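Input: a single structure, listed below in structure tokens.
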2 protein chains.
Amino acid sequence: MAEDVAQPDQAKRKNIDSILNSKSVAFAGVSKGNWGYVFLNNLLRFGFSGKVYPLNPKGGEIEGLKIYANIKDIPEQVDYVFSCVPASALPQLIEDCTAKGVKMISIFTAGFSELGTEEGRELEMEISRLCRPGGPRLIGPNCMGVYYPGAGLSFAANFPKESGRVALMCQSGGNATCTIRAAGQRGVRFSKAFSYGNACDIDESELLEYFAIDSETDVVAAYIEGVKDGQRFFHVLKELANKKPVLVLKGGHTEAGAMAVASHTGALAGSGNVWDGVLQQAGAIQVHSLEELVDLMVTFSFMPPSRGRGIGMLGIGGGASVLAADQYAEADLILPSLPGDIQDEIRVLMGSDAGMSANNPLDLSYVGRENLYKIAKILSAYEKIDFVIFQIPLGMVVPLPPFSKTMLDPYIETVNKLRSEINKPVAMVVHSIVAIEDWEVTFDAQRKCYEAGVPVYHSIESAAKAIDQFTRYYENRSD
Amino acid sequence: MAEDVAQPDQAKRKNIDSILNSKSVAFAGVSKGNWGYVFLNNLLRFGFSGKVYPLNPKGGEIEGLKIYANIKDIPEQVDYVFSCVPASALPQLIEDCTAKGVKMISIFTAGFSELGTEEGRELEMEISRLCRPGGPRLIGPNCMGVYYPGAGLSFAANFPKESGRVALMCQSGGNATCTIRAAGQRGVRFSKAFSYGNACDIDESELLEYFAIDSETDVVAAYIEGVKDGQRFFHVLKELANKKPVLVLKGGHTEAGAMAVASHTGALAGSGNVWDGVLQQAGAIQVHSLEELVDLMVTFSFMPPSRGRGIGMLGIGGGASVLAADQYAEADLILPSLPGDIQDEIRVLMGSDAGMSANNPLDLSYVGRENLYKIAKILSAYEKIDFVIFQIPLGMVVPLPPFSKTMLDPYIETVNKLRSEINKPVAMVVHSIVAIEDWEVTFDAQRKCYEAGVPVYHSIESAAKAIDQFTRYYENRSD
């Protein structure tokens, strides 16, 4: 699991907290339409309020900004440099940044150890050696750098602008982008995120150590392809997991995946079985896809600690309720049967329309707004219910035209009202989403829900898996 | 697994083929805004070209149509009656329809055996007894009836209007609606679909028998909550599965699900383990969610018989390729490593941009349109590749504004060109879709792909699982 690369003396280096608050950013290697140009534009569009400097030996102007030939020509202080210069030009850039007093460089450029060539490996060793005490800290190479909404830093224009309590470290820039967008769309907000690529300076272990003491972070999510020092990694992961929930997705868990890792970040992926053991012993929560990772980020962001496995489910559709009951049960969750007197109370509120069950899971297809709330309140009061989960299978609804954009309002109102009145987590599953109109309704409902503190899932399976893992986390801690 | 209910003498009853071609439909129990009104409107909006008659004892007019007080007052022949009358009024309606010479009645009304009461059970027995030779065949109760695009029949307005080769039988109307919409959206076209509810006359076994001899059907998908006669079911399922692929989703596979089934369609769900054995021995393909069912409907609709397990994968993103390789491997699919000479050929076409792998899976993030096609052609020619699968992880793309609606065109063109030139199945996975703009691009790309005969999946996991099951089907048949 370990490939030892000379470690810089961390004690003498700037710590991560001190390098994140950047008031000025330079983009090295920018020309119209290239990647440097994309990332520069993304930062501007994200709304960074500090100074932005394009760099290119040819000079000129871009997006109304003067292009400096060399970072040393910039008259003011530069805190953060985003580099897209070719691999071979990097050593000189690092020297110049050191002279300029830059605090942090992230290196988008690839062409290092991940090539699998002696030359690539040599070059990566060289830039590692250039990290001197007092000099800039390096992120990457082969990465997208830092997303730190607190300082207005971002590598994509459409990440959430507000800060939150979830930290992300991600060895792949694409996976980082997707995770932040997908979780952000569902209401998760980030303290900070690092796309850290080949990890030639700031690596997984330093990030885990940092997150353990970071007062801005409550939950940590990680996508890791390989680690430099297995012993140290296990130690810091365990320390962190003892304090905060840590969600880990191991990329390259299979042999085929490990081969893809080798050419991606050059990491030694290690055996999947070894990783399973390491993560479990360290107390991390292992997930197997980005979708699962995001589902758990949503769950840990929105839900108070889990106290049990009882699901109270209510929603639309008989067949949908059957399948949902199966999927919760398959995730080891329990749908407690309701006592007769509670069923009787609910049956009265359901009215005479047949085809609906007064037991858990409750099919409320034909129940009006007011009774929806009353029934939800009765269900949630039952002692064996630990989670109250609504389900709206949009694709199963046979709509009368026009498909109404406010069709979920009664559910959203009920969910939000309930959430403020009961002391149990409430969640919403809007699933079986099959068309653009469905997605419009879903994204809108989702925003209204997460703004009220209610998490939204896009499938029963993902809700069931996430709540199982979430509950298991608290069960293990109470052992 | 079996609950015996008196079976009508099938031999003397009208067979299913003879009742499907309806030129006139009456809706019993229609008034403004109720369910009868919804289904009547859905049929009109679907574009049914025959006669449509609303029925209600109160008479009047609706949607410009005269409401008849009784079916016997309608001067012309009525082929199909969609009933929303209360359960208690049903026996009289069936008598009237018999007198009128109606061929088929589907009964939306619930309030029968699924209530779990003696009264509900009695009523269902009574309508079963009313099915006389020469009288109408019944679908339901507690169902949505027939979707038969060949005759313009539909219970939803937005189902595909064209016919295809996939048949669906579904014990839940909501699940039927979702399956048809979700599969339809991805290019699957149906010969016919039955939402058949409590199955008091036309039941699962008769439908399976019918599909086996139906010349309009090549693939059968089924959602089943319970069966009336386990022995007969096994026998006809095995007969059918011997001729055509049969995909089965068993609702109520767990204890919790089985309880939900009891109050949904009143069926005895049976034990999940027994079902696993029955389906396997009969040669059916078992799936565990509607999503899996739809993925397999897509796969069997678009792909020629599978000849092996080798996946040639190409697409965007290093981290995405790592995770995809893991997911294919976890589904027992193989990503064959490419021989050195093929890698060399590909590396030349990739150009000098680093960060990309010339081995399978191919990360083509920075490859232009022309070389994309050339590389795909080389990859697909390699003998160990059985499927050529593109992957576009939309959420991982860091877009320059505006997010381009034509951004997938180079991939769509390549995929379509390839598909017409090579003798191997080509598929597209557009995944990590996180925002409305992504969905717009996806739905558009999907339509262009399926029109060219290329299936589209929405996650790597679903593509991997579906292709594994698909391949296993042909492996088992060649044993």
Side-chain angles (χ1 to χ4, degrees), chain A residues 38 41-42 45 87 110-111 115 142 155-157 171-172 174-175 177-178 181-182 185 223 225 251-257 260-261 263-264 289-291 317-323 325-326 328-330 335 354-355 357 359 361 393 395-396 398 400-401 432 434-436 439-440 443 459 461, chain B residues 38 41-42 45 87 110-111 115 142 155-157 172 174-175 177-178 181-182 185 223 225 251-257 259-261 263-264 289-291 317-323 325-326 328-330 335 354-355 357 359 361 393 395-396 398 400-401 432 434-436 439-440 443 459 461:
Chain A
V38 169
N41 268 284
N42 285 352
R45 280 178 43 88
L115 291 181
N142 193 12
F155 48 91
Q171 210 163 355
S172 151
N175 288 351
T177 303
C178 180
R181 285 184 74 202
Q185 172 75 55
Y223 169 82
E225 296 193 348
H253 191 260
T254 63
E255 214 176 303
V261 159
S263 63
H264 181 223
S289 67
L290 287 183
E291 291 82 355
S321 299
V322 169
L323 292 175
D326 277 340
Y328 287 119
E330 272 154 18
L335 276 88
S357 162
N359 200 355
M396 295 176 195
V398 184
L400 254 189
S432 302
V434 300
I436 279 287
W439 280 110
E440 283 170 356
F443 283 124
S459 79
E461 194 183 1
Chain B
V38 168
N41 267 284
N42 285 351
R45 280 177 44 87
L115 291 181
N142 193 12
F155 48 90
S172 151
N175 288 351
T177 303
C178 180
R181 284 184 73 200
Q185 173 75 55
Y223 168 82
E225 296 193 347
H253 191 261
T254 64
E255 215 177 305
M259 279 182 55
V261 160
S263 63
H264 181 224
S289 67
L290 287 182
E291 291 82 355
S321 299
V322 169
L323 291 176
D326 277 342
Y328 286 120
E330 273 154 19
L335 276 87
S357 162
N359 199 354
M396 296 177 194
V398 184
L400 253 188
S432 302
V434 300
I436 280 286
W439 280 109
E440 283 171 355
F443 283 124
S459 79
E461 194 183 1

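Chain letters run A, B, ... following the sequence lines, proteins first, then strands; residues in each count from 1. Given the structure is predicted, the values throughout are model-derived calculations rather than measurements.
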Exercise. Where does Glu440(A) contact chain B at under 4.5 Å (heavy atoms): side chain, backbone, both or neither?
Worked result: both
For this session: Could you tell me which residues satisfy side-chain hydrogen bond (donor to acceptor under 3.5 Å, both in side chains) with Glu291(A), sequence neighbours excluded, listed by chain and number?
Result: Ser289(A)
Seminar exercise, completed: Assert top hit (heavy-atom pairs under 4.5 Å, partner chain B, pool Pro361(A), Ala435(A), Ala320(A), Ala329(A)) equals Ala435(A)
Exercise. Picking from Gly319(A), Ser172(A), Ser459(A), Ala325(A), which has the most non-hydrogen pairs under 4.5 angstrom with chain B?
Worked result: Gly319(A)
Problem set entry | chain A contact via Tyr223(B) - which portion, at a heavy-atom distance below 4.5 Å | side chain
Problem set entry | Minimal non-hydrogen separation, Asn42(A) against Phe155(A), with atom names | ND2-O, 3.0 Å
For this session: Go through the structure and list residues passing side chain to side chain contact (heavy atoms under 4.5 Å, CB included) with Ser432(B), not counting sequence neighbours.
Result: Cys178(A), Pro393(B), Met396(B)
Seminar exercise, completed: Residue from Val322(B), Asn359(B), Leu290(B), Leu323(B) scoring the most non-hydrogen pairs under 4.5 Å with chain A is Val322(B)
Seminar exercise, completed: Looking only at heavy atoms, the pair that brings Tyr328(B) and Leu335(B) closest together is CB-CD1, 3.5 Å
Exercise. Arg181(A) and Gly395(B): which non-hydrogen atoms are nearest, and at how many Å?
Worked result: NH1-CA, 3.4 Å
